[in-house]
S.K.: 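A single structure is presented below for examination.
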Amino acid sequence: MVTLPKVLGLCTLRALLRGTKIIPRPALMSDILTKRADDHAQWYNDLVLKADLAEHSEVRGCMVIKPHGYAIWEKMQAALDGMFKATGHVNAYFPLFIPRSYFAKEASHVEGFAKECAVVTHYRLKSDPEKGIVVDPEAKLEEELIIRPTSETIIWNTYRGWVKSYRDLPLLVNQWANVVRWEMRTRLFLRTAEFLWQEGHTAHATKAEAIAETERMLEVYARFAEEWLAMPVIKGLKTPSERFAGAEDTYCIEALMQDGKALQAGTSHFLGQNFAKAFDVVFTNKENKQEHVWATSWGVSTRLIGGLIMTHSDDHGLVLPPKLAPTQVVIVPIAKNGEQLAAISAYVEPILQGLRARGITVKFDDDDQKKPGWKFAEYEFKGYPVRIAIGPRDMENGTVEVARRDTLEKQVMQVTDIVEKVEHLLQAIQDNLFQKALAMRERSTRVVDTYAEFKQAIEEGGFILAHWDGTAETEEKVKQETKATIRCIPLHGDRTPGTCMVTGAPSAQRVIFARAY
RNA sequence: CGGGGCGUAGCGCAGUCCGGUUAGCGUACCUGCUUUGGGAGCAGGGGGUCGUGUGUUCGAAUCACACCGCCCCGACCA
């Protein structure tokens, strides 16, 4: 720190400094992207913006999902939708607006969502000499409309008309939709005021069948997370305080992000007969008796994109698992002139055809406006899993240069069986990403027995397996004192009883604590 | 809603403290030539209601007041 006589003042100082030549720095993405280790939140933000996944809209709390980000969502939708169809579900669409009175019908549901609802109160605007355009006070709705934060109420109000007999059951319906939750603080993909999701809503004749459905869809989510996102998850049950408003039981998949914080990646709810009773949805059973139906609901959202980013990406930018990458392979020609480019195009053509024939998405970037180095950096930053470079040297030698995004390794390969090699490489990348994420989670999962150990462990992040006495009081105390919550009561793994780390009272099994997104 | 930060060219910023050339730099963009195996070089060029409004002043990006918006931290939550 240089100290200067005060009389000089800042202006003078700056004037003196103006003579200093500022060395221009190239605007490299690797410079723009904050390092994960320096500031994980900033890294995440930079990455989402610079990789063109999304941007902040000028509407508070809302984002614009840009084509590269939306393409990932489309891949997720396609995969999930296929899995839903394979389990017998069909798609439908319900209104965005929910009459206020519907919410009043299920007490715990309204209590859970009341604080974050956007409400439509008027249906007309009129011009105003001063403000341009204003809400017409004459056009007030008799009953306000809630913008759906979730659709249970309007769906169950509708189901009343759909269900009469046990023969109408089960009803297995999903909808792809947007929902609005007026969040105080938002983060791109992880928590925005409006987000995209799917919500499945099913109706069943028996409790057992509804519980089986809840568990089946949890299984679908877990498989999707692990096989497609390459994101290992733990299946579990939420504690009563973390339960969905209106559910009897909430099942969840929990993932661990690279910074040691947990992310709830999907939920599946057993709703009991709560909504059937609130909306009077009854059916006649085989014994000609009236019964309320049993319900489930389950959903995953664009939040998964946030999870995907925080599971795999690095200081060089986005890393995408091949199965969700909008484009899996990019081919960059290295040409000095038009003739070379034409020759390379001919050399590339059979590779393109071969890859496409195997269902691999590939882009041949023959744009001569941008240099190869620029393209390398760009595709690396945007997470293309495999990049192939082909230049004059390769054409002489019958080779191509193959670079994989997950390890950043480059290798020169013979062109002869390149299609098979790339296909295997994509699978290897998919597997490697999952294994790396799994290893990270295992490194970051600890078993602790005392509250003192716990307090220390929680500072280091990760999943912590500890005994809990099952009371909301203890759960709340831990939350207040450490900011950690019970992510779930795992369904699998070690389920031996013990004693609560806080109170010493009996505990049925260890539960997973973590700080969470 | 509390605390902090920010708003100047498409993007990133300087200039604001202490009002005063034609508002500047990097990058991006356009034109030309040379280049092309990890974000090319040189030369020339275009692009601005300085977030909005009101006020102070001979004069405002700069000072005052009000408002709008975004980001970060906290309480709430997927």
Side-chain angles (χ1 to χ4, degrees), chain A residues 8-15 17-18 21-32 39 41-42 44-46 49-50 52 55-63 112-117 149-150 179-197 199 238 241-242 244-245 250 252-254 262-267 269 298-304 306-307 316 332-338 340-341 344 367-381 387-395 399-401 403 408 410 412 480 483 485 516-517:
Chain A
L8 275 176
L10 271 175
C11 264
T12 328
L13 176 59
R14 291 223 172 88
L17 289 172
R18 257 176 222 130
K21 185 166 172 87
I22 295 158
I23 299 151
R25 227 165 45 111
L28 295 176
M29 284 302 187
S30 54
D31 289 337
I32 291 169
D39 184 343
Q42 194 58 45
Y44 176 83
N45 257 327
D46 285 358
L49 297 173
K50 305 286 164 41
D52 267 339
E55 62 186 40
H56 294 284
S57 113
E58 294 202 357
V59 183
R60 180 194 290 275
C62 295
M63 66 176 165
F113 285 105
K115 285 174 287 184
E116 49 185 24
C117 285
T150 180
V179 286
V180 169
R181 296 181 187 176
W182 215 258
E183 300 291 347
M184 289 172 176
R185 229 185 105 210
T186 57
R187 292 198 63 189
L188 292 167
F189 290 117
L190 298 172
R191 178 166 294 106
T192 46
E194 180 192 9
F195 58 95
L196 306 181
W197 77 346
E199 44 180 328
K238 286 291 184 190
S241 66
E242 298 273 334
F244 175 74
T250 289
C252 63
I253 51 171
E254 289 286 325
L263 182 81
Q264 178 177 304
T267 49
H269 315 291
W298 27 273
V300 297
S301 71
T302 38
R303 171 178 245 209
L304 286 177
H316 299 273
V332 178
I334 309 204
K336 289 195 202 312
N337 51 51
Q340 271 192 1
L341 183 58
I344 292 170
D367 182 355
D368 59 1
Q369 304 295 307
K370 295 198 163 39
K371 300 192 60 177
W374 193 93
K375 294 175 184 174
F376 291 174
E378 181 73 3
Y379 293 123
E380 187 169 289
F381 199 84
R387 184 187 68 238
I388 298 176
I390 299 172
R393 221 155 59 210
D394 292 303
M395 288 196 294
T399 58
V400 298
E401 184 196 75
L408 297 168
K410 286 197 286 200
V412 174
Q480 289 304 320
K483 291 181 182 167
T485 50
Y517 276 100

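Chain letters run A, B, ... following the sequence lines, proteins first and then strands; every chain starts at 1.
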S.K.: Is A:Arg303 reaching over with its side chain to a backbone N or O of A:Gln264, donor-acceptor style, under 3.5 angstrom?
M.R.: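 Answer holds: yes.
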S.K.: Return the pairing partner of B:rG7 with a 3.5 Å limit on both distances, Watson-Crick or G-U wobble; otherwise return none.
M.R.: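 Pairing partner: B:rC68.
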S.K.: B:rA40 pairs with which nucleotide, Watson-Crick or G-U wobble, both distances below 3.5 Å?
M.R.: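 Per the H-bond distance test, B:rU34.
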S.K.: Work out how far the P atom of B:rA14 is from that of B:rU8, and round it to whole angstrom.
M.R.: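 After rounding to an integer number of Å, I get 11 Å for this pair.
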S.K.: Strictly by Watson-Crick or wobble contacts shorter than 3.5 Å, is anything paired with B:rC77, and which nucleotide is it?
M.R.: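 The base-pairing partner of B:rC77, which may sit in any strand shown, does not exist here.
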S.K.: Determine which nucleotide pairs with B:rU22, using a 3.5 Å limit on both distances of a Watson-Crick or G-U wobble pair.
M.R.: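 Base partner found: none.
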S.K.: To the nearest Å, give me how far apart NZ (A:Lys50) and C1' (B:rC11) are.
M.R.: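 From A:Lys50 NZ to B:rC11 C1': 9 Å.
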S.K.: Is there side-chain contact between A:Phe381 and A:Lys50, with heavy atoms separated by less than 4.5 Å?
M.R.: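 Yes. Closest side-chain heavy atoms under 4.5 Å.
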S.K.: Report each atom pair, protein N/O against N/O of nucleotides 74-78 of chain B, whose distance is under 3.5 angstrom.
M.R.:
unit_1, atom_1, unit_2, atom_2, d
B:rG74, OP2, A:Arg185, NH1, 3.0
B:rC77, O2', A:Glu183, OE2, 3.4
B:rC77, O2, A:Arg191, NE, 2.1
B:rC77, O2, A:Arg191, NH1, 3.2
B:rC77, O2, A:Arg191, NH2, 2.3
B:rC77, N3, A:Arg191, NH1, 3.4
B:rC77, N3, A:Arg191, NH2, 3.1
B:rA78, O3', A:Gln264, NE2, 2.8
B:rA78, O3', A:Arg303, NH1, 3.2
B:rA78, O2', A:Arg191, NH2, 3.4
B:rA78, O2', A:Arg303, NE, 3.4
B:rA78, O2', A:Arg303, NH1, 2.6
B:rA78, O2', A:Arg303, NH2, 2.8
B:rA78, N7, A:Arg181, NH1, 3.4
B:rA78, N6, A:Thr192, O, 2.6

S.K.: So which atom in A:Ile334 and which in A:Ala389 form the shortest heavy-atom distance, rounded to 0.1 Å?
M.R.: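 Closest approach of A:Ile334 to A:Ala389: CD1-CB, 4.1 Å.
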S.K.: Just to be sure I understand the rule, does A:Gln340 reach a base, reach only the sugar-phosphate, or reach nothing, if contact means heavy atoms closer than 4.0 Å?
M.R.: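 Result for A:Gln340 = nothing.
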S.K.: To the nearest Å, how far apart are A:Lys371 NZ and B:rG41 P?
M.R.: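 Taking atom P of B:rG41 as the reference, NZ of A:Lys371 is at 8 Å.
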S.K.: Whole Å only: how far is the CD1 atom of A:Ile390 from the P atom of B:rG38?
M.R.: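 A:Ile390 atom CD1 is separated from B:rG38 atom P by 16 Å.
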S.K.: Given atom CZ of A:Phe376 and atom P of B:rG37, what is their separation to the nearest angstrom?
M.R.: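 Distance check: A:Phe376 CZ to B:rG37 P gives 8 Å.
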S.K.: Rounding to the closest angstrom, what is the interatomic distance between B:rU57 and B:rC65 at atom C1'?
M.R.: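 To the nearest whole Å, 16 Å.
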S.K.: Mind checking the C1' distance from B:rA23 to B:rC13? Whole angstroms is fine.
M.R.: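 My reading of the C1' atoms in B:rA23 and B:rC13 gives 14 Å.
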S.K.: In whole angstrom, what separates A:Asp46's CG from B:rC70's C1'?
M.R.: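 A:Asp46 atom CG is separated from B:rC70 atom C1' by 15 Å.
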S.K.: Please state how far atom CZ in A:Arg387 lies from atom P in B:rG37, giving the value in whole angstrom units.
M.R.: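 These atoms are roughly 13 Å apart.
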S.K.: What is the base-pairing partner of B:rG47, counting Watson-Crick and G-U wobble geometry with both distances under 3.5 Å?
M.R.: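 Base partner found: none.
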S.K.: Is the side chain of A:Gln340 donor-acceptor paired with the backbone N or O of A:Lys336 at a distance under 3.5 Å, no angle test?
M.R.: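 Yes, the answer is positive, given that a donor and an acceptor are paired below the 3.5 Å cut-off.
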S.K.: Expressed as a whole number of angstroms, how long is the span from A:Arg393:CZ to B:rG37:P?
M.R.: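 Rounded to the whole Å, the gap is 10 Å.
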S.K.: Using only side-chain N and O atoms of A:Asn337, determine if any of them is under 4.0 Å from OP1 or OP2 of B:rU36.
M.R.: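 Checking A:Asn337 against B:rU36: no side-chain N or O falls below 4.0 Å of OP1 or OP2.
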S.K.: Given the P atoms of B:rA64 and B:rC70, what is the spacing between them in whole Å?
M.R.: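 Each nucleotide's P atom is 24 Å from the other's.
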S.K.: How is A:Asp368 classified with respect to the nucleic acid when contacts are heavy atoms under 4.0 Å: base, sugar-phosphate, or nothing?
M.R.: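 The answer is nothing, as A:Asp368 stays clear of every strand by at least 4.0 Å.
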S.K.: Does any N or O donor sit under 3.5 Å from an N or O acceptor when you compare the side chain of A:Lys410 with the base of B:rG38?
M.R.: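 Such a pair is found, so the answer is yes.
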S.K.: Can you list everything that forms a ring-ring contact (aromatic ring centres under 6.0 Å, His included) with A:Phe113? Sequence neighbours excluded, please.
M.R.: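 Checked A:Phe113 against ring-ring contact (aromatic ring centres under 6.0 Å, His included); matches are A:His109, A:Phe244.
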S.K.: Look at all strands and tell whether A:Glu401 reaches a base, only sugar-phosphate, or nothing, counting heavy atoms closer than 4.0 Å.
M.R.: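 A:Glu401: base contact, heavy atoms under 4.0 Å.
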S.K.: Near A:Trp197 CH2, under 6.0 Å, is it more than 12 heavy atoms from other residues, nucleotides or ligands?
M.R.: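 Enclosed: over 12 neighbouring heavy atoms sit under 6.0 Å from CH2 of A:Trp197.
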S.K.: Kindly point out which of B:rG38, B:rU36, B:rG37 is positioned nearest to the side chain of A:Ala377?
M.R.: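 Of B:rG38, B:rU36, B:rG37, B:rG38 is nearest to the side chain of A:Ala377.
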S.K.: Under the rule for side chain to side chain donor-acceptor pair (under 3.5 Å), what residues qualify as partners of A:Asp367, not counting sequence neighbours?
M.R.: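 Per chain and number, A:Asp367 pairs via side chain to side chain donor-acceptor pair (under 3.5 Å) with no residue.
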S.K.: Provide the distance between the two P atoms, one in B:rC50 and one in B:rG24, to the nearest whole Å.
M.R.: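 Here B:rC50 and B:rG24 have their P atoms 14 Å from each other.
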S.K.: Over how many whole Å does the gap from A:Asn45 atom CG to B:rG5 atom C1' extend?
M.R.: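 Rounded to the whole Å, the gap is 14 Å.
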S.K.: Quote, to the nearest angstrom, the C1' distance that separates B:rC29 from B:rG19.
M.R.: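 Going atom to atom, C1' in each nucleotide, I get 34 Å.
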S.K.: Classify the nucleic acid contact of A:Lys238 as base, sugar-phosphate or nothing, counting any heavy atom under 4.0 Å across all strands shown.
M.R.: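 If one applies the 4.0 Å heavy-atom cut-off, A:Lys238 turns out to touch nothing in the nucleic acid.
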S.K.: Taking the same atom, C1', in B:rG38 and in B:rU21, what whole-Å distance lies between them?
M.R.: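 Going atom to atom, C1' in each nucleotide, I get 44 Å.
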S.K.: Looking at B:rU16, which nucleotide sits across from it as a Watson-Crick or G-U wobble partner, both distances under 3.5 angstrom, or is there none?
M.R.: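 Its partner is none (no Watson-Crick or G-U wobble pair with both distances under 3.5 Å).
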S.K.: For A:Pro333 and A:Pro372, which heavy atoms make the closest approach, and how far apart are they?
M.R.: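 Taking every non-hydrogen atom into account, O-CG, 4.1 Å.
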S.K.: B:rG46 and B:rG39: how far apart are their P atoms, nearest whole angstrom?
M.R.: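 So the two P atoms sit 30 Å from each other.
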S.K.: List the atom of A:Lys375, the atom of A:Lys370, and the distance in Å for their closest heavy-atom pair.
M.R.: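 Here A:Lys375 and A:Lys370 meet closest at CE-O, 3.4 Å.
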